[in-house]
Amino acid sequence: MQPTRARVVDKAQAGWMGMGRGAGPKALGFFKILAVFLCTFQTVSSSCRILKCNSEFWSATSNNQHQNRPEDPVEFCTALRTYAHCTRRTARTCRGDLAYHSAVHGIDDLMSQHNCSKDGPTSQPRLRTPPPWDSQERSDSPELCHYEKNFHRHAAPPNYTHCGLFGDPHLRTFTDTFQTCKIQGAWPIVDNNYLNVQVTNTPVHPGSSATATTKLTIIFKNFQECVDQKVYQAEMDELPAAFIDGSRNGGDKSGANSLKIIEKVAGQHIEIQAKYIGTTIVVRQVGRYLTFAVRMPEEVVNAVDDKDNQGLYLCLHGCPQNQQIDFRTFHSQTPETGLRKHGAGSNAPSFTPKMAGAKCKEKLPVEDLYFKSCVFDLLTTGDVNFTLAAYYAFEDVKLLHSNKDKIHLFERTTDLGPGNTASQQDMVFTKILVVLMCLVQCSAVLL
């Protein structure tokens with residue numbers, strides 16, 4: 001017969017891990033594997049709540065591990081039953097989801113190994129209480145884990161850039177290029193040596209070409225003595241104030257507090273501060289959908305190993321040309337009676353351009369691109385929450401953008417090259433026109 005350790009390895013290789021009695025720390029290893037599933041495979045439905053179930057179980061069982069206390073069989077079985085109950089509640093919306101099915105099989109194995117009865121008390125989810133060495137208030141992070149102190153001790157302050165994604169969806173890149181994009185499905189918006197950010201956009205109504213962000217995944221990569229790898233994931237109607245492992249900072253390293261999550265408004269607004277890379281991220285849920293904004297030093301923005309083969313990085317390069325929408329043309333073609341919406345959202349109010357403009361002006365008095373994005377979203381979706389999405393996106397720009405003279409944007413740009421704004425294109429065209437006029441005049445004089 002195989003020893004217990006060998007059987008554990010075999011089961012881990014089969015896709016999930018089973019443990020013998022008393023293997024509390026190993027039991028938590030199963031959920032590290034589950035976290036990998038969560039990051040690797042997209043959920044079939046944004047309503048699947050396996051992430052929440054996983055986080056609640058981790059929070060309920062991680063105290064014993066961190067405090068080196070022996071596992072309490074009664075508590076562990078109670079936590080398992082609670083976890084099983086959570087997966088049953090979300091079963092209908094998680095059909096076909098690999099992380100969900102992996103969790104269900106893993107729970108069954110753990111209950112069998114620990115002789116847990118399926119009938120018995122369950123517990124309410126609780127947040128993990130960090131031990132003293134994991135305090136969120138700790139301020140003894142090494143200088144290495146403070147970007148400005150470490151990288152710019154003898155130089156000028158870093159140049160900070162901003163990127164934001166909101167609404168149907170509208171993208172403001174690190175180069176202040178503003179685009180409206182289709183980008184249905186999963187797309188990477190940040191991809192450098194320190195972190196990855198991916199958004200998933202789904203149709204606002206069945207059959208609609210209008211999309212909005214329903215899922216956001218942020219992976220902070222392991223960095224020296226500052227932070228362990230951490231994964232944050234938000235979904236529609238689920239904006240947690242913790243990473244998927246239940247923690248709220250960078251882990252067990254001495255500089256862990258250089259990465260932390262701050263809940264501004266429960267379920268609506270969180271801020272992630274990554275001081276070790278000088279980065280601040282703001283995630284909001286407005287209505288049913290998510291918005292994203294980031295402030296990041298140029299040095300971090302451009303920290304990529306192979307720029308020539310980097311692939312998509314929407315915040316840096318913008319949306320592919322075939323995914324862009326020119327909403328100025330859209331506005332000019334919109335009838336004064338408004339658009340007729342189809343599908344499940346057809347009961348939403350229908351806005352005329354005049355009505356949409358008046359509604360957006362309540363929150364956005366300056367007719368810049370945020371105002372025009374608001375009008376576009378009301379015309380395409382009929383959802384007044386998109387007014388707030390544009391408003392909060394602009395508020396985040398005011399908070400995060402380093403150049404206050406560039407807060408408002410009035411020219412939509414289409415060229416994908418960094419820094420190739422519409423105004424720059426106009427200047428080039430003007431210079432060419434002047435040269436041609438000079439040549440014409442010179443020719444006339446010579447003749």
Side-chain angles (χ1 to χ4, degrees), residues 35 38-39 43 46-47 49-56 58-59 125-130 134-138 160 162-167 169 172 189-190 194-201 212-221 227-251 256-296 300 315 385-386 388-401:
L38 287 167
C39 299
T43 53
S46 60
S47 301
R49 293 289 177 262
I50 191 63
L51 169 64
K52 181 180 179 182
C53 298
N54 180 48
S55 296
E56 288 178 356
W58 178 273
S59 298
R126 65 179 184 227
L127 288 176
R128 178 174 70 89
T129 303
D134 190 34
S135 172
Q136 301 296 314
E137 302 301 324
R138 184 175 58 202
Y160 287 97
H162 164 267
C163 177
L165 186 77
F166 67 97
R172 179 171 181 161
I189 56 175
V190 177
Y194 301 99
L195 77 160
N196 301 105
V197 183
Q198 178 176 283
V199 295
T200 301
N201 302 311
T213 302
T214 54
K215 186 174 182 179
L216 175 75
T217 302
I218 307 172
I219 301 177
F220 294 90
K221 300 177 183 179
V227 299
D228 298 319
Q229 178 167 298
K230 290 288 178 175
V231 179
Y232 178 81
Q233 195 167 68
E235 299 182 45
M236 189 167 61
D237 300 324
E238 185 66 34
L239 189 69
F243 296 108
I244 65 170
D245 63 4
S247 66
R248 302 181 74 168
N249 72 357
N257 208 44
S258 62
L259 173 64
K260 59 183 177 181
I261 296 179
I262 301 171
E263 186 174 55
K264 297 291 187 176
V265 180
Q268 298 180 32
H269 180 192
I270 66 104
E271 183 178 296
I272 304 177
Q273 296 179 354
K275 291 183 179 179
Y276 67 102
I277 51 173
T279 296
T280 300
I281 295 174
V282 175
V283 183
R284 300 176 185 266
Q285 173 158 325
V286 184
R288 300 174 59 224
Y289 302 105
L290 303 173
T291 69
F292 168 84
V294 61
R295 180 178 188 258
M296 185 181 292
V300 177
C315 273
N385 285 307
F386 281 91
L388 291 176
Y391 168 75
Y392 284 123
F394 182 68
E395 290 299 301
D396 290 337
V397 172
K398 291 195 292 185
L399 174 69
L400 300 175
H401 205 293

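Numbers here simply count residues along the sequence, with the first being 1.
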What's the spacing between [X] [atom1] and [Y] [atom2] if we round to 0.5 Å?
{"X": "Ile189", "Y": "Phe292", "atom1": "CD1", "atom2": "CZ", "result": "4.0 Å"}
{"X": "Arg295", "Y": "Gln273", "atom1": "CZ", "atom2": "CD", "result": "11.0 Å"}
{"X": "His162", "Y": "Thr280", "atom1": "NE2", "atom2": "OG1", "result": "11.0 Å"}
{"X": "Leu239", "Y": "Leu290", "atom1": "CG", "atom2": "CG", "result": "7.0 Å"}
{"X": "Lys260", "Y": "Glu271", "atom1": "NZ", "atom2": "CD", "result": "9.5 Å"}
{"X": "Ile277", "Y": "Leu259", "atom1": "CD1", "atom2": "CG", "result": "8.0 Å"}

Does the [X] side chain pair with the main chain of [Y], one donor and one acceptor, at a distance under 3.5 Å?
{"X": "Arg288", "Y": "Met236", "result": "no"}
{"X": "Gln285", "Y": "Gly287", "result": "yes"}
{"X": "Glu235", "Y": "Leu216", "result": "no"}

Using residues 388-396 as the side-chain source, report each donor-acceptor pair under 3.5 Å to any protein atom, sequence neighbours left out, with the distance given to one decimal.
{"residue": "Glu395", "atom": "OE2", "partner": "Lys398", "partner atom": "NZ", "Å": "2.9"}
{"residue": "Asp396", "atom": "OD1", "partner": "Arg284", "partner atom": "NE", "Å": "3.4"}
{"residue": "Asp396", "atom": "OD1", "partner": "Arg284", "partner atom": "NH2", "Å": "2.8"}
{"residue": "Asp396", "atom": "OD2", "partner": "Arg284", "partner atom": "NE", "Å": "3.2"}

* To do: Show the numbers, then the answer: is there a ring pair (Phe, Tyr, Trp, His ring centres under 6.0 Å) between Tyr289 and Phe386?
  => CA-CA 9 Å; Tyr289 302 105; Phe386 281 91; 5.8 Å; yes
* **Test log, rule side chain to side chain contact (heavy atoms under 4.5 Å, CB included), inputs Arg172 and His401** => CA-CA 11 Å; Arg172 179 171 181 161; His401 205 293; 3.5 Å; yes
Are any non-hydrogen side-chain atoms of [X] and [Y] less than 4.5 angstrom apart?
{"X": "Leu400", "Y": "Val294", "result": "no"}
{"X": "Thr291", "Y": "Thr213", "result": "no"}
{"X": "Tyr232", "Y": "Ile219", "result": "no"}
{"X": "Cys163", "Y": "Val190", "result": "no"}
{"X": "Ile281", "Y": "Ile218", "result": "yes"}

Give me the atom names and distance for the closest heavy-atom approach of [X] to [Y].
{"X": "Ala234", "Y": "Pro240", "value": "CA-CD, 4.2 Å"}
{"X": "Gly250", "Y": "Lys230", "value": "C-CE, 3.6 Å"}
{"X": "Asn249", "Y": "Ala256", "value": "CB-O, 3.8 Å"}
{"X": "Ala241", "Y": "Ile270", "value": "CA-CG2, 4.4 Å"}

* Structure fact -> Sequence neighbours excluded, the answer for side chain to side chain contact (heavy atoms under 4.5 Å, CB included) partners of Lys221 is Asn196
* So Gln198 and Thr217, side chain to side chain donor-acceptor pair (under 3.5 Å) or not? Walk me through it. -> CA-CA 5 Å; Gln198 178 176 283; Thr217 302; 5.4 Å; no
* To do: Give the ring-plane orientation class for Phe220 versus Phe243, where under 30° counts as parallel, over 60° as perpendicular and anything between as tilted.
  => perpendicular
